[in-house]
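Presented below is the structure to which this report refers.
Letters A, B, ... mirror the listed sequences (proteins, then strands); counts begin at 1.
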Number of protein chains: 2
Amino acid sequence: MKPRVAIVAPGAMGSAIGHRLDSHGFQVLTSLEGRSDASVARARRCGMHHRTDVELAHADIFLSIVPPAEAIGLARRFAPLFKEHGRAPVYVDCNAVNPRTAREIAALVLDSGAAFVDGGIIGGPPRPGTPGPALYCSGPAAPAVTALRDGGVRVRVLSDDLSAASALKMSYAGITKGLVALASTMMLGASRNGTAQALYEELAESQPHLLKHFARTVPDMFGKAYRWVAEMEEIAAFLAPDEHGQRFFESAARLYERLARDDGAGRAEIEALSAFLAQQARPAPEASTLKPEP
Amino acid sequence: MKPRVAIVAPGAMGSAIGHRLDSHGFQVLTSLEGRSDASVARARRCGMHHRTDVELAHADIFLSIVPPAEAIGLARRFAPLFKEHGRAPVYVDCNAVNPRTAREIAALVLDSGAAFVDGGIIGGPPRPGTPGPALYCSGPAAPAVTALRDGGVRVRVLSDDLSAASALKMSYAGITKGLVALASTMMLGASRNGTAQALYEELAESQPHLLKHFARTVPDMFGKAYRWVAEMEEIAAFLAPDEHGQRFFESAARLYERLARDDGAGRAEIEALSAFLAQQARPAPEASTLKPEP
């Protein structure tokens, strides 16, 4: 029999995973309490059914998919219900939290009698026709989550470690989202100094793979910058005791905070970044005059 | 007639550019005072001839190619000679300095009666059979430097601006060397947390262009980290008034300082980075068991 899966909350990622499981015949439960009309409509379209918290606590697999700052709160909300009702799910914390936070959640969940799995989602929400993101899992109970593979979810078991999946998520997101912060910073610096075109052309010539990467990932950040602030702070905490790395990501958090404000009002920086990436490279000016080597 | 070119100092970049000019029949002068025996031998192999400072001040084109912290000092050393002897070269500051420093050097040089060109070298030292780096030039006198194209040097004129070439160099190096700092930070973080292999495999699968970039650029940094410290500080200064960007690069400067110390003693971090990049990716574990979409 297919496991019953609870997904809280039905955000962009949660509802897309719910949809995929539903399309493979899984029963997918969620909580629609306090969600906007648009969010409720989306969850329904994705085949997710509203249940009370007590009912959700009886699911077989419970996926916590929330912003990093809400991960502990969600575990605190459900742990007493797991304890009280005796029948507890495998609780998978899928959030972009640092390993210390993952272990704190593990302690709360294990104390309630539920099984804990540390999870980390790498990749965007699954869309029809694509394999979708990988759900990395670690901890002694992680093999139980492989039941979701029948639902089209790419579950990958890492190890018995109670925070390995979070550590992987932090190091991967540090590279991809840190690079967006770095590229944005330098493209804005070049634009302020009147050298945007020359930088674009030099990148097109000597680092075309990076320019292509920026053209895809920087605009994708605009609407998400506000969500990335807390994730950058988690990555900073993950990097302890490397204080330089920590400051690096604390700066990235502040940058995303600034871009999120800019996205809401003015958009001067968002527009400068868009204009940078909308440029075209011209042929190298010296190509026709350079002497070949003798 | 070909211009006589002075290149100070005959370091890795300066002597390689000297060699290229010499191989095209240019007369290339330098100062070997105070240089190591190995450095003197290299300069001679590259066809560079020792001259006194007074004689160097009479060259047609003077290329300043020194570590960023020495750029102003070099201008101070030669400006009085340009002034005193009446016949002054086109002085090209080719160094990785921020635009404010470039303008400070411009003021010193212009006051001496010499012409000033802001330069920025993008790419590694020219090697036989390769086009070599681009020498970006800006300022009203920049077109004079195109005479070096006959010497196989890819000179690119940007604009009349007295610091545009430095601004371009800062924004480009900020991306390439900032990315090496970011990647090193995260690869070390993953290694400390036991998730190096999983990160390597995930990158190989979903960001192969970045992993390939790291495999080339991170090891290339090991022997140069000590030189990059001052360049990161120049980039931080370049980014004013973006305080988050500034902190980003101040952290990168401290990281390179730490890696340079590590390179000199212990090499624990250098070896962790090498071990990270020496890994092999295995096939995805869930590939055989994942259900296709219905």
Less than 4.5 Å apart, any side-chain heavy atom of A:N193 and any of B:L168?
-> no
Contacting region of A:T176 [heavy-atom separation from chain B under 4.5 Å] | side chain
Between B:A196, B:G189, B:A164, which has the largest tally of heavy atom pairs under 4.5 Å with chain A?
-> B:G189
A:A252 and B:F248: which non-hydrogen atoms are nearest, and at how many Å?
-> CB-CE1, 4.2 Å
Can you tell which of B:R254, B:K212, B:R247, B:E202 has the highest number of heavy-atom pairs within less than 4.5 Å of chain A?
-> B:E202
Measuring heavy-atom distances to chain B, does A:L188 have an atom under 4.5 Å in its side chain, in its backbone, in both, or in neither?
-> neither
Looking at residues at least two apart in the chain, or sitting in another chain, which of them share a side chain to side chain contact (heavy atoms under 4.5 Å, CB included) with B:A144?
-> B:V90
What's the spacing between B:L199 CG and A:I122 CD1 if we round to 0.5 Å?
-> 7.5 Å
All heavy atoms of B:T195 vs all of A:S171, minimum pair found to be CG2-OG, 3.7 Å
What part of A:L158 is in contact with chain B, defined as an atom under 4.5 angstrom from a non-hydrogen atom: side chain, backbone, both or neither?
-> side chain
Partners of A:E269 by salt bridge (charged side-chain N to carboxylate O under 4.0 Å, His left out), sequence neighbours excluded?
-> A:R258
Looking at A:A190, A:G245, A:G25, which makes the most heavy-atom pairs under 4.5 Å with chain B?
-> A:A190
Quick one: does A:M186's side chain get under 4.5 Å of B:F249's, heavy atoms only?
-> yes
Between A:A167 and chain B, which part of the residue has a heavy atom less than 4.5 Å away: side chain, backbone, both or neither?
-> both
Just checking heavy atoms, which of residues 232-242 of chain A are less than 4.5 Å from chain B?
-> A:I235, A:F238, A:L239, A:A240, A:P241, A:D242
Across all chains, not counting sequence neighbours, the side chain to side chain donor-acceptor pair (under 3.5 Å) partners of A:S166 are A:D118
May I ask you to name which of B:S184, B:G174, B:A181 has the most heavy-atom pairs under 4.5 Å with chain A?
-> B:G174
Would you mind telling me which of B:T185, B:L182, B:L255, B:I175 has the largest number of heavy-atom pairs within less than 4.5 Å of chain A?
-> B:L182
